[in-house]
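The structure appears below as structure tokens.
These numbers come from the heavy atoms of this one structure, side chains and all, not from hydrogens, waters or symmetry mates.
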Amino acid sequence: MSKTSQQNTATDANGVSVIHTQAHSSGLQQVPQLVPISPGGGGKAVPPSKQGKKNSFVDRNSDEYRQRRERNNMAVKKSRLKSKQKAQDTLQRVNQLKEENERLEAKIKLLTKELSVLKDLFLEHAHNLADNVQPVGTETTTNPENSGQ
């Protein structure tokens, strides 16, 4: 099988050359390769919204400019208010968690004291039982001399 291929190179509006390769004997379809034109490897990509606005002159007295500035100012105010509200909510949540933490620590102290008292009671009771119970094999035997008299 002989493989022959054909390459077509085109340059798009962003300064990137696109190489289209077609293989005749291969049944596979090849994907175009993007290769920068400049030898340095290119620079930053420009978003589509800014491509046509590089060198455009803005008339600061126009109604369109004033409307855009007004919308931008409103958006900035809204963003700042939202940020401030989020900070306040976070601070409130921090305070709630601190209070809950203090309550839980107080409960831990109380339960620890209660556990200590119960342990002491248990140990005292166990000690009393041990004193009252005689070990196995040391049963009291009656003195044969005293028995029967």
Side-chain angles (χ1 to χ4, degrees), residues 1 3 5 7 10-23 25-56 58 60 62-149:
M1 281 189 241
K3 292 184 179 180
S5 64
Q7 288 187 349
T11 305
D12 67 0
N14 293 328
V16 176
S17 65
V18 180
I19 300 173
H20 299 279
T21 307
Q22 295 176 339
S25 60
S26 167
L28 300 174
Q29 192 177 22
Q30 293 186 1
V31 178
Q33 300 173 7
L34 297 178
V35 180
I37 291 178
S38 63
K44 290 184 178 180
V46 179
S49 62
K50 303 249 178 179
Q51 284 179 358
K53 298 180 182 180
K54 268 188 178 178
N55 297 326
S56 64
V58 178
R60 292 180 181 238
S62 70
D63 288 338
E64 180 188 355
Y65 176 79
R66 289 182 194 276
Q67 288 174 350
R68 288 174 57 201
R69 291 303 317 144
E70 178 93 15
R71 281 198 319 254
N72 182 262
N73 290 341
M74 297 286 280
V76 168
K77 283 181 185 178
K78 184 178 177 182
S79 175
R80 289 179 182 160
L81 283 173
K82 186 177 178 182
S83 177
K84 187 185 260 186
Q85 183 64 43
K86 187 174 180 180
Q88 287 175 349
D89 292 346
T90 302
L91 185 61
Q92 184 179 4
R93 180 74 173 137
V94 166
N95 290 333
Q96 288 175 346
L97 291 173
K98 281 182 181 179
E99 289 175 8
E100 183 182 0
N101 193 33
E102 289 173 3
R103 283 193 306 271
L104 290 172
E105 286 178 357
K107 190 173 184 178
I108 287 171
K109 275 187 180 179
L110 179 67
L111 291 173
T112 303
K113 284 182 183 179
E114 187 178 340
L115 177 64
S116 178
V117 168
L118 291 173
K119 272 185 181 178
D120 290 343
L121 285 173
F122 175 77
L123 291 175
E124 184 179 327
H125 181 69
H127 182 68
N128 288 339
L129 284 177
D131 287 346
N132 293 336
V133 174
Q134 294 179 355
V136 176
T138 59
E139 295 179 19
T140 55
T141 57
T142 55
N143 193 344
E145 295 173 5
N146 293 337
S147 62
Q149 289 181 353

Item to check | Between Gln85 and Asp89, a side-chain donor and acceptor under 3.5 Å | outcome: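 Their side chains do contain a donor-acceptor pair, which is all the 3.5 Å distance test asks for.
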Report the distance from atom [atom1] of [X] to atom [atom2] of [Y], rounding to the nearest 0.5 Å.
| X | Y | atom1 | atom2 | value |
| --- | --- | --- | --- | --- |
| Leu110 | Leu115 | CG | CG | 11.5 Å |
| Lys86 | Leu81 | NZ | CG | 15.0 Å |
| Glu105 | Asn101 | CD | CG | 4.5 Å |
| Arg93 | Thr90 | CZ | OG1 | 10.5 Å |
| Ser79 | Lys77 | OG | NZ | 13.0 Å |
| Leu123 | Asn128 | CG | CG | 11.0 Å |

Above 12 or not: heavy atoms from other molecules or residues under 6.0 Å from [atom1] of [X]?
| X | atom1 | value |
| --- | --- | --- |
| Gln88 | CD | yes |
| Gln96 | CD | yes |
| Asn72 | CG | yes |

Checklist entry - Which one of Arg71, Arg69, Glu70 satisfies the side chain to side chain contact (heavy atoms under 4.5 Å, CB included) criterion with Asn73? => result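 Of the listed options, the one satisfying the test is Arg69.
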Item to check | Check: Thr112 side chain, Ile108 main-chain N or O, donor-acceptor pair, under 3.5 Å | outcome: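 Yes, because the side chain of Thr112 sits within donor-acceptor range (under 3.5 Å) of the backbone of Ile108.
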